[in-house]
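Predicted model only: the values in this text are computed from it and were never measured.
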Amino acid sequence: RKFGDLEGNWPLVLSIIPFVWLQALLEEVLDRGFLIHWIERALGSVVWATVCAVGIQAAIFGFRHSHDISERSITVGLIGLAMGIGYVVFGRNLWPPILAHCALNTMSMLDRVG
């Protein structure tokens, strides 16, 4: 299991959450902050480069979470797409996707506690 046995184990959940949030923050810096910018620069700073960059980073994000092309990778890729669009729409502010990512990861963990 990803986080061990979380069912009813609130001390374990509370000890893991700060690391889950740190991981979410670092993923957003990498995937939205760095990758979108890097891909745009590689393709040229035009609108289609931004569209491609958001799509490519979403595909990488989805694949990196399951290492295959599966329902999970597609679902996570769509989440990455929404976060990438949000990042661009909110003026390339990383805080909205960071907060959304932290909330999603927290809800995922709380769902496992039961």
Query raised in the report: Is there a chain of hydrophobic side chains (I, L, V, M, F, W, Y, each step under 4.5 Å between heavy atoms) that links Val29 to Leu81?
Result: yes
Query raised in the report: Hey, is the main chain of Ala53 close enough, under 3.5 Å, to the side chain of Glu40 for a donor-acceptor pair?
Result: no
Query raised in the report: Would a hydrophobic clustering, with Ile, Leu, Val, Met, Phe, Trp and Tyr connected at side-chain separations under 4.5 Å, put Val20 with Trp95?
Result: no
Report task. Determine the interplanar angle of the Phe61 and His101 rings, folded into 0 to 90°, and report it as parallel if under 30°, tilted if 30 to 60°, perpendicular if over 60°. Result ->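 The rings of Phe61 and His101 stand perpendicular, inter-plane angle above 60°.
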**Report entry** Neighbour count above 12 (heavy atom, 6.0 Å) for Arg41 CZ
**Finding:**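 No, because the 6.0 Å sphere around CZ of Arg41 holds 12 heavy atoms or fewer from other groups.
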Query raised in the report: With hydrophobic residues grouped by side-chain heavy-atom distances under 4.5 Å, do Leu12 and Met109 end up in a single group?
Result: yes
Query raised in the report: Counting N and O atoms only, with roles assigned by atom type, does the side chain of Arg32 sit under 3.5 Å from a partner on the main chain of Leu94, one being a donor and the other an acceptor?
Result: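 Checked: no pair found.
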Requested in this report: Rounded to the nearest 0.5 Å, what's the gap from CZ on Arg64 to CG on Leu30? Could you check?
Outcome: 5.5 Å
Query raised in the report: How are the rings of Trp38 and Phe34 set relative to one another: parallel (under 30°), tilted (30 to 60°) or perpendicular (over 60°)?
Result: parallel
Query - Euclidean distance, Glu71 CD relative to Ile74 CD1, rounded to 0.5 Å - result: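 Between Ile74 CD1 and Glu71 CD, I get 7.5 Å after rounding to 0.5 Å.
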Query raised in the report: Which heavy-atom pair separates Tyr87 from Gly33 by the least distance, and what is that distance?
Result: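 Reported closest heavy-atom pair: OH-CA, 3.9 Å.
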**Report entry** Distance (rounded to the nearest 0.5 Å) between Gln57 CD and Asp31 CG
**Finding:** 6.0 Å
Query raised in the report: Between atom OG1 of Thr50 and atom CD1 of Ile85, what is the distance when rounded to the nearest 0.5 Å?
Result: 12.0 Å
Query raised in the report: Which residue, Asn105, Ile98, Thr106, forms the side-chain contact (heavy atoms from CB on, under 4.5 Å) with Trp21?
Result: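 Running side-chain contact (heavy atoms from CB on, under 4.5 Å) over Asn105, Ile98, Thr106 with Trp21 returns exactly one hit, Thr106.
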Query raised in the report: Can Ile39 be reached from Trp48 by stepping across I, L, V, M, F, W or Y side chains whose heavy atoms are under 4.5 Å apart?
Result: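 Yes, Trp48 connects to Ile39 through the hydrophobic network.
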Query raised in the report: Can you check whether Gln23 reaches Glu28 side chain to side chain, under 4.5 Å on heavy atoms?
Result: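 With C-beta onward as the side chain, the pair stays apart.
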Query raised in the report: About how many Å separate CD of Glu27 and SG of Cys102, when rounded to the nearest 0.5 Å?
Result: 10.0 Å
Query raised in the report: Does atom CD1 of Ile69 have more than 12 heavy-atom neighbours from other groups under 6.0 Å away?
Result: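 No, not enclosed.
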Query raised in the report: Linking I/L/V/M/F/W/Y whenever their side-chain heavy atoms sit closer than 4.5 Å, directly or via other members, would Ile56 and Val54 fall into one cluster?
Result: no
Query raised in the report: Are the side chain of Ser73 and the backbone N or O of Asp68 linked by a donor-acceptor pair below 3.5 Å?
Result: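 Between the backbone of Asp68 and the side chain of Ser73 there is a qualifying donor-acceptor contact (under 3.5 Å).
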Report task. For residues Leu104 and Met83, determine if any side-chain heavy atom of one lies less than 4.5 Å from a side-chain heavy atom of the other. Result -> yes
Requested in this report: Find the distance between CG (Leu25) and CG (Leu99) and round it off to the nearest 0.5 Å.
Outcome: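 Here the interatomic distance stands at 9.5 Å.
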